[in-house]
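Below you'll find the structure, written out as structure tokens, and then a few comments.
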Amino acid sequence: MLTRLSRRNLLTTTMGAAGGAAAVSLIRPARATAAPLRLAAGTRTLDVNGKAASVFSLTGPGGKPGLTLAPGERFSVSLANDTKGPTIIHWHGQLPPWRQDGFPWPQTPPLAAGATQAYDFAPIPGTFWMHSHQRMQEQVLMTAPLIVHSAADQRADRQEVVLLLHDFSFRSPDDILAGLTKASPGQAMASPSTMTMGGGMAAMNMGGMAMGAGAAPDLNDVDYDAFLANDRTLADPEVVRVASPGRIRLRVINGASASQFWLDLGALRGSVVAVDGHEVQPVSVRRLPLSMAQRVDILLNITVPGAFPILAQVEGKRARAGILLVTQGAAVPNLPVSAETLAPPADLSLEKVLRAAASLIPRPADVVHRIVLAGQVSPYAWSINGQYWPNITPLMVALGQRVALDMVNHSMMVHPMHLHGHAFQVVALNGVPLAGAVRDTVMVPARGSARVVFDANNPGRWAFHCHNLYHMMTGMMTEIRYPGIV
Ligand SMILES: [Cu+2]
């Protein structure tokens, strides 16, 4: 998952390129043959806190998790289902023809055990990921990075580091979901305030965190056993060797099913250059929130030797995961797995300052869909426009239309809303207009709103849903549909 590069190798590479004008390439060149890449959905045993867990895997060429594509390379993939049951893998954020999107529509059923399916489309470059859209396999780590390099990446001469975050439970997702829908005592206590008092008392649900005046969102539906960074806990983190001085492109993917993180770069400052695979005007950061399914690309420059933890702390909790960037010869420190203080709720502090590197061409919306997000933790159910998947009315769009989605959140939880098959631009947050990021997943704040626009340029049937897995599983999903699809 990580591109490891020793200083010696780096020097060798640098020296090799020193004689010519060509930039040092840390990116694999395009393959000579066009044979599809094999991707296997399988199972494996993962050690978590000294205990064995049976989890899924998505293994690409070379036995590595997921796929990394060279600049200009097609997404030509043969997906083999090596598990004992059905699965279907979604290429999150990519813009394929809808039948290759990896969503279980009647026209595109899951792959049976032992089956193989071919995919072939032109991918867009950036940091993406793949995950099962078959029930709750995503919670059991049927997730992996999908990195598509660009020609600019190839020229950039930066060490690539991928950081995939997860939330992990030894319980089965069915047990977790049953626990939620039965409403635990804690949820039952928080719920009446949520429903009848405008959420003023909902801070009870946050373990006594001090919140400012106004609505305090409900956090963390699920009590997880561990949080993972590249499959490892902070008790035994991945150590990535980096050069000093060194230039890094850090690609962070929040692959967690129901957890939001604060990413903390520690002693480093970084520059956010892309979100969800789409370039933004650079923003200098040390700490930033990352909602479920979102990605962020951060440029880091190592200027002195040492060990540099990259940590991801769960909102409302002390728990965290992370990796260590360590220069040659520097000691690898032990890091406490818990932070000293609780992390605040993930917020819009980054989102509201993001500006797309390339905005959509301004034009009025041809169609505006108002999307009311509602629900509560007890009884545990989440809806879109009062409807619960699969009993929904599709939101119709037509080819060539500029579409606006006006999302209004009536609930006390945030909802990371994800649209398949399109990239949208965030054009308002809580009613404040902005030329925000182009992306595929936006966090709609509790008791707040977000407006996004996109061009209807990819006919088909497209899922539009909350990326909190348990919200999606209890109803918060609908369809954006073009006419004439059979
Ligand atoms: Cu949600």
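Because the structure is a prediction, the values reported are computed rather than measured. Read the numbers this way: they start at 1 and go in the same order the structure lists the ligands and their atoms.
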- Task: Around the Cu ion (ligand 1), list the protein N/O/S atoms within a radius below 2.8 Å, excluding water molecules.
- Result: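 Listed by chain and number, the nearby protein N, O or S atoms are His415 ND1, Cys466 SG, His471 ND1.
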- Which pair of non-hydrogen atoms, one from Phe128 and one from Asp440, has the smallest distance, and what is that distance?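 Nearest heavy atoms, Phe128 then Asp440: CE2-OD2, 4.4 Å.
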- Determine the sole option in His415, His90, His92 for which the ring-ring contact (aromatic ring centres under 6.0 Å, His included) test with His467 is passed.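 Among the candidates, only His92 passes.
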- Query: Taking the six-membered ring for Trp, are His420 and His133 ring centroids under 6.0 Å apart?
  - Reply: yes
- Verify the ring-centre separation between His422 and Trp462: is it less than 6.0 angstrom? yes
- Query: Is a donor on one side and an acceptor on the other found under 3.5 Å between the side chain of Tyr380 and the backbone of Asp221?
  - Reply: no
- Query: Got a sec, which residues hit salt bridge (Lys or Arg N to Asp or Glu O under 4.0 Å) with Arg451, two or more places apart in sequence or on another chain?
  - Reply: Asp406
